[in-house]
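One structure is given here, and the rest of the page talks about it.
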Amino acid sequence: MFELLFILALLILGFVVGGAIERRHYTEIRQREKLTLHLPMMNLGCHQPLPEAQASEMFVGSVVVSTDYFKTFIAGLGNLVGGNLVTYESLIDRGRREAILRMKEQAIAWGATQLINVRFETANIGGQSSSNGLVAIEVMAYGTAIRESANSQ
């Protein structure tokens, strides 16, 4: 009986605290995204000319995001029947957006006027094969920042 109450308490704690942390993180992400809107990101095809640039440098934004106990439990139940794991979609979204922001903030500090050919990499940390129950992902965004030459402005 004690174990059941303990698990229930962890679920409630994960739901309340995890939800609050996630909402606070989304609020912070939205605020920081507004501050970086002036730096455009674009992907160029192999037949498109590269923009004139005075300087270029590669920047990387990386983040590790973990899910709370409640979402891990609900995803485990959803895994029994298959289908979309909606509880993990916000985990991926937060990781992707945070990685982009970290990359853009570094590029802005360097003086970039554009980011081109942005790519993503993800890695699973923990997961269902993990004995400690940790469910976390690493998301890395990387791209080439350029400072436009005086001739192109």
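Note that these values count all heavy atoms, side chains included, but never hydrogens, waters or copies made by symmetry. For this chain, numbers begin at 1 and follow the sequence in order. Keep in mind that what you see is a predicted model, and the values were worked out from it rather than measured.
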Can you see which heavy atom on [X] is nearest to which on [Y], and at what distance?
X	Y	answer
Leu44	Pro51	CD1-CD, 3.7 Å
Gly95	Val63	O-CG1, 3.3 Å
Arg94	Ser66	NH1-O, 4.5 Å
Ala145	Ala112	CB-CB, 3.7 Å

Show your reasoning for whether side-chain hydrogen bond (donor to acceptor under 3.5 Å, both in side chains) applies to Glu148 and Gln54. CA-CA 5 Å; Glu148 290 181 356; Gln54 177 184 7; over 6 Å; no
Qualifying residue for side-chain contact (heavy atoms from CB on, under 4.5 Å) with Thr27, from His25, Arg24, Arg30: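 So, applying the side-chain contact (heavy atoms from CB on, under 4.5 Å) to Thr27 and each of His25, Arg24, Arg30, only Arg30 qualifies.
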Validation row: [X], [Y] side chains within 4.5 angstrom (heavy atoms):
X	Y	result
Met140	Arg102	no
His38	Ile108	yes
Ser90	Thr67	no
Ile137	Ile125	no

Which distance, rounded to the nearest 0.5 Å, do you find between the [atom1] of [X] and the [atom2] of [Y]?
X	Y	atom1	atom2	answer
Leu101	Gln31	CG	CD	11.5 Å
Met1	Phe6	CE	CZ	15.0 Å
Met58	Asn117	CE	CG	11.5 Å

Under a single-linkage definition using a 4.5 Å side-chain heavy-atom cutoff for Ile, Leu, Val, Met, Phe, Trp and Tyr, are [X] and [Y] assigned to the same hydrophobic cluster?
X	Y	result
Leu39	Ile100	yes
Ile7	Leu5	no
Met103	Phe120	yes
Val64	Tyr142	no
Leu13	Leu11	no

Go through the steps to decide whether Thr122 and Glu138 satisfy the test side-chain hydrogen bond (donor to acceptor under 3.5 Å, both in side chains), and finish with yes or no. CA-CA 5 Å; Thr122 60; Glu138 177 189 23; over 6 Å; no
Using the side chain to side chain contact (heavy atoms under 4.5 Å, CB included) rule, take Glu98 and Ile29 through it: C-alpha gap first, then chi angles, then the decisive distance, then the call. CA-CA 7 Å; Glu98 181 68 32; Ile29 284 173; 3.8 Å; yes
Applying salt bridge (Lys or Arg N to Asp or Glu O under 4.0 Å), name anything that partners Arg97, two or more places apart in sequence or on another chain.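 Here the qualifying residues are Glu33, Asp93.
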Phe15: which residues meet the ring-ring contact (aromatic ring centres under 6.0 Å, His included) condition with it, sequence neighbours left out?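 Counting only residues at least two positions away or on another chain, Phe15 forms a ring-ring contact (aromatic ring centres under 6.0 Å, His included) with Phe70.
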Name all pairs fulfilling the salt bridge (Lys or Arg N to Asp or Glu O under 4.0 Å) condition that reach into residues 104-121, sequence neighbours left out, sorted by first residue then second.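 Sorted result for residues 104-121: Arg32-Glu105.
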Side-chain donor/acceptor of [X] to backbone N/O of [Y], under 3.5 Å:
X	Y	answer
Thr113	Ile146	yes
Arg147	Trp110	yes
Asn43	Ile116	no

